[in-house]
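Report on the following structure.
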Amino acid sequence: MSRSPGEGVVIGGGIIGTLCAYYLTRSGWKITVVDRGTFGQGTSSGNCGLVCPSHVLPLAEPGVIGKTFKALFAKNSPFSIKPRLDPSLWSWLLNFARRCNERNMIDAAGAIQPLLESSLHEYKEMVGSDGIACEWETRGLLFPYKMKEMLDAYDATDHLLTKSFHCHAKKLNGEELVELEPALKLGLAGGWYYDDDAHLRPDRLMASLRSRLEGQGVRFLEHCEFQKFSSESGSARSIVTSHGEITADSFVVAAGALTPMLNQHLGAKIPIQPGKGYSLTMPRPAISPSIPLIFPETRVAVTPFQSGYRLGSTMEFAGYDSTIRKERLQLLKDGATPYLQEPYCDPVEQEWYGWRPMTYDSLPIIDRSPILNNVWIAAGHNMLGLSMAPATGKLIAELWEGAPTHINPTPYRVSRF
């Protein structure tokens, strides 16, 4: 049964919550967005801005456990786990390990791809028809390699993605690689190029979305901490916050990596671990790439924005640690140096970290609360929040209204955990 638009509250002012507000507002809902911090300043602001339908495969792949275990003991590894007695972390790691097989990988990829493809389409509509300003560019995504054996090892992955998901990359030799992207150093083995991917500048996107939504009557409450739902007969009537009580007809929790802190309120056990990533933002070097790059051998990403330049990546399971470790930032520079003529420049304008909301099956939760029939959850987008956000917001709006959904929501149900 479809529902008439009323008043709604979005808990979380990141990219997922903001695009939930965007699509709900388009459907006629009067929306308030509340955030415990500053709007758009979490993981949504400092990421590398990649919109990548090429990223179909989940993190849990066959053989990844051995590689990860080896990386833990490697000097300057981009992956690290802070040793601690944390049952939720070790449960997460065990469940992740159980999914490192081909069957689970293919199943997860089949659920990831619809969100990615729908989001790419929606971004094009937002930028083209709705005038959202975010330095949008469709230059693809390039994976350069130093070692030929690693370049060739990707043949099997490309075959799988082409056969099962119609997602094909162009393989380039060393000369073709530098011809496509002259900012790279000579002597690299080659690369793989996905020409359908795009990129944008995340902070510009968030600012433009806020301006548009405020013009449509959306209210943003910053430094407003959620405390609890006030409910009756299985429905939430309001939320109690540090700014007081807010009454609404429906609610969505889009709190990213902080969502597990609300498990008791949601009546669910959401197994999200914060995967800490870092980035450095600076002006574009004199010899700057024009195509976004990911270096698979060092796990560093490079994004040349129209108005700047960003190095990002690493994965650190350190709980909700809010410190910036300088050695992790140095890994970003070191990881780009073997590949680019000018990998970075001064001044560094921003040193940043963010907590990615990591689920062990690489799929988000987009579903109704098990105990409150008008509260929805949109969280757990792993490293692809920006790439999945429009499809998530559109799906939430459809589910709120009881309308037919543009993609099948079943894989994202909370009951799978």
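We number each residue from 1, following the sequence as shown.
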**OP:** Quick one: do T241 and Q227 satisfy side-chain hydrogen bond (donor to acceptor under 3.5 Å, both in side chains)? Show the steps, please.
**Re:** CA-CA 5 Å; T241 77; Q227 295 174 349; over 6 Å; no
Subject >> I365 vs I270, side-chain contact (heavy atoms from CB on, under 4.5 Å): CA-CA, chis, key distance, verdict >> reply: CA-CA 8 Å; I365 301 101; I270 297 173; 3.7 Å; yes
Original post:
Around K185, counting heavy atoms of other residues, nucleotides and ligands shown, do more than 12 lie under 6.0 Å from its NZ?
Top reply: yes
Original post:
Does E327 CD have over 12 foreign heavy atoms under 6.0 Å away?
Top reply: yes
Subject >> Qualifying residue for ring-ring contact (aromatic ring centres under 6.0 Å, His included) with W400, from Y23, W29, F251 >> reply: W29
Original post:
What residues form a salt bridge (charged side-chain N to carboxylate O under 4.0 Å, His left out) with D367, not counting sequence neighbours?
Top reply: none
Original post:
Minimum heavy-atom separation for P283 to Y309, with atom names?
Top reply: O-CB, 3.5 Å
Original post:
Does the gap between the ring centers of F295 and F143 come in under 6.0 Å?
Top reply: no
Subject >> Spacing of OG belonging to S45 relative to CZ belonging to R201, to within rounding of 0.5 Å >> reply: 10.0 Å
**OP:** Hey, could you give me the CG/CG distance between L340 and L293, rounded to the nearest 0.5 Å?
**Re:** 6.0 Å
Subject >> Validation row: C134, P202 side chains within 4.5 angstrom (heavy atoms) >> reply: no
Original post:
Do L93 and I81 touch side chain to side chain, with heavy atoms closer than 4.5 Å?
Top reply: yes
Subject >> Nearest heavy-atom neighbours spanning Q273 and S88 >> reply: NE2-OG, 3.3 Å
Original post:
Should we count NE2 of H159 as having more than 12 external heavy atoms under 6.0 Å?
Top reply: no
Original post:
Do D195 and K170 have side-chain heavy atoms sitting under 4.5 Å apart?
Top reply: no
Original post:
Are a donor atom and an acceptor atom from the side chains of Y193 and E176 found within less than 3.5 Å of each other?
Top reply: no
**OP:** Please say which of V218, I31, L213 ends up in a side-chain contact (heavy atoms from CB on, under 4.5 Å) with L24.
**Re:** I31
**OP:** Determine, stepwise, if the pair T303 / C48 fulfils side-chain contact (heavy atoms from CB on, under 4.5 Å).
**Re:** CA-CA 6 Å; T303 311; C48 284; 3.4 Å; yes
Original post:
Do the two ring centres, one from W352 and one from Y278, sit under 6.0 Å apart?
Top reply: no
Original post:
Does the pair N47 and S279 meet the rule for a side-chain hydrogen bond (donor to acceptor under 3.5 Å, both in side chains), with working shown?
Top reply: CA-CA 7 Å; N47 68 74; S279 72; over 6 Å; no
Original post:
Looking at P338 and K146, what are the two nearest heavy atoms and their distance?
Top reply: CB-CD, 3.8 Å
**OP:** Among I16, V252, L399, I377, find the one that has a side-chain contact (heavy atoms from CB on, under 4.5 Å) with I366.
**Re:** L399
Subject >> F305 six-ring centre to R284 NZ/CZ under 6.0 Å and within 45° of normal >> reply: no
Original post:
For S91, does its backbone N or O pair with a side-chain atom of N95 as donor and acceptor, under 3.5 Å?
Top reply: yes
Subject >> Pairing of K394 and E122 as salt bridge, 4.0 angstrom limit >> reply: yes
Original post:
Which residues satisfy the salt bridge (charged side-chain N to carboxylate O under 4.0 Å, His left out) test with D130, sequence neighbours excluded?
Top reply: R212
Subject >> K148 side chain to G190 backbone, donor-acceptor under 3.5 Å >> reply: no
Original post:
Could D155 and K171 be called an ion pair, given the rule that one side-chain N must be under 4.0 Å from one carboxylate O?
Top reply: yes
**OP:** For the pair N104 and N101, evaluate side-chain hydrogen bond (donor to acceptor under 3.5 Å, both in side chains) and give the outcome as yes or no after the intermediate values.
**Re:** CA-CA 6 Å; N104 284 128; N101 59 75; 2.8 Å; yes
Original post:
Looking only at atom types and distance, does a side-chain atom of S387 sit under 3.5 Å from a main-chain N or O of L50, one as donor and one as acceptor?
Top reply: yes
Original post:
Should the heavy atoms of other residues, nucleotides or ligands under 6.0 Å from CD of E102 be counted, would the total exceed 12?
Top reply: no
**OP:** Give a yes or no on this: more than 12 heavy atoms of other residues, nucleotides or ligands lie within 6.0 Å of atom CD of Q341.
**Re:** yes
Original post:
Counting distance only, does the side-chain N/O of S362 pair as donor-acceptor with the main-chain N or O of L59 below 3.5 Å?
Top reply: yes
Original post:
Between K276 and D321, is the closest basic N to carboxylate O distance under 4.0 Å?
Top reply: yes
Original post:
About how many Å separate CD1 of I112 and CG of L115, when rounded to the nearest 0.5 Å?
Top reply: 8.5 Å
Original post:
Looking at side-chain heavy atoms only, is the closest gap between W136 and H199 below 4.5 Å?
Top reply: no
Subject >> Steps toward side-chain hydrogen bond (donor to acceptor under 3.5 Å, both in side chains) verdict (T281, R310) >> reply: CA-CA 4 Å; T281 306; R310 182 166 289 167; 2.8 Å; yes
Subject >> Close side-chain approach of T337 and Y344, heavy atoms under 4.5 Å >> reply: yes
Subject >> Salt bridge E316-R325, side-chain N to carboxylate O under 4.0 Å >> reply: yes
Original post:
Short question: side chain of Q350, backbone of M282 - any donor-acceptor pair under 3.5 Å?
Top reply: no
**OP:** Give the minimum heavy-atom separation between S77 and L331, together with the two atoms involved.
**Re:** O-CD1, 3.6 Å
Original post:
When you measure from the side chain of S211 to the backbone N and O of A207, does any donor-acceptor pair fall under 3.5 Å?
Top reply: no
Original post:
Where is the tightest heavy-atom contact between P390 and S119, given as atom of each residue plus distance?
Top reply: CD-OG, 3.5 Å
Original post:
Does the S208 side chain pair with the main chain of R204, one donor and one acceptor, at a distance under 3.5 Å?
Top reply: no
Original post:
Okay, side chain of E342, backbone of S288: is any donor-acceptor separation there less than 3.5 Å?
Top reply: no
Original post:
How about M358 and P274: do any of their side-chain heavy atoms sit closer than 4.5 Å?
Top reply: no
Original post:
Do H223 and R36 come close enough that some side-chain heavy atom pair is under 4.5 Å?
Top reply: no
**OP:** Supply the atom-to-atom distance I239 CD1 to S230 OG, rounded to the nearest 0.5 angstrom.
**Re:** 11.0 Å
Original post:
Just wondering, are more than 12 heavy atoms of other shown residues or ligands nearer than 6.0 Å to CZ in R210?
Top reply: yes
Original post:
Checking S369 side chain against L266 main chain: does a donor-acceptor pair fall under 3.5 Å?
Top reply: yes
**OP:** For this output row, return yes or no: ring centroids of F226 and H265 closer than 6.0 angstrom.
**Re:** yes
**OP:** Could you check if a side-chain atom of I11 sits within less than 4.5 angstrom of a side-chain atom of F229, using non-hydrogen atoms only?
**Re:** yes
Original post:
What heavy-atom pair brings R416 and L363 nearest, and what distance separates the two atoms?
Top reply: NH2-O, 2.8 Å
Original post:
Can a donor-acceptor pair be found between the side chains of R299 and T314 at a distance below 3.5 Å?
Top reply: no
Original post:
Residues two or more places apart in sequence or in another chain: which of them pass salt bridge (charged side-chain N to carboxylate O under 4.0 Å, His left out) with D86?
Top reply: R84
Original post:
Can you tell me if D35 uses its side chain to pair, donor with acceptor, with the backbone of E222 under 3.5 Å?
Top reply: no
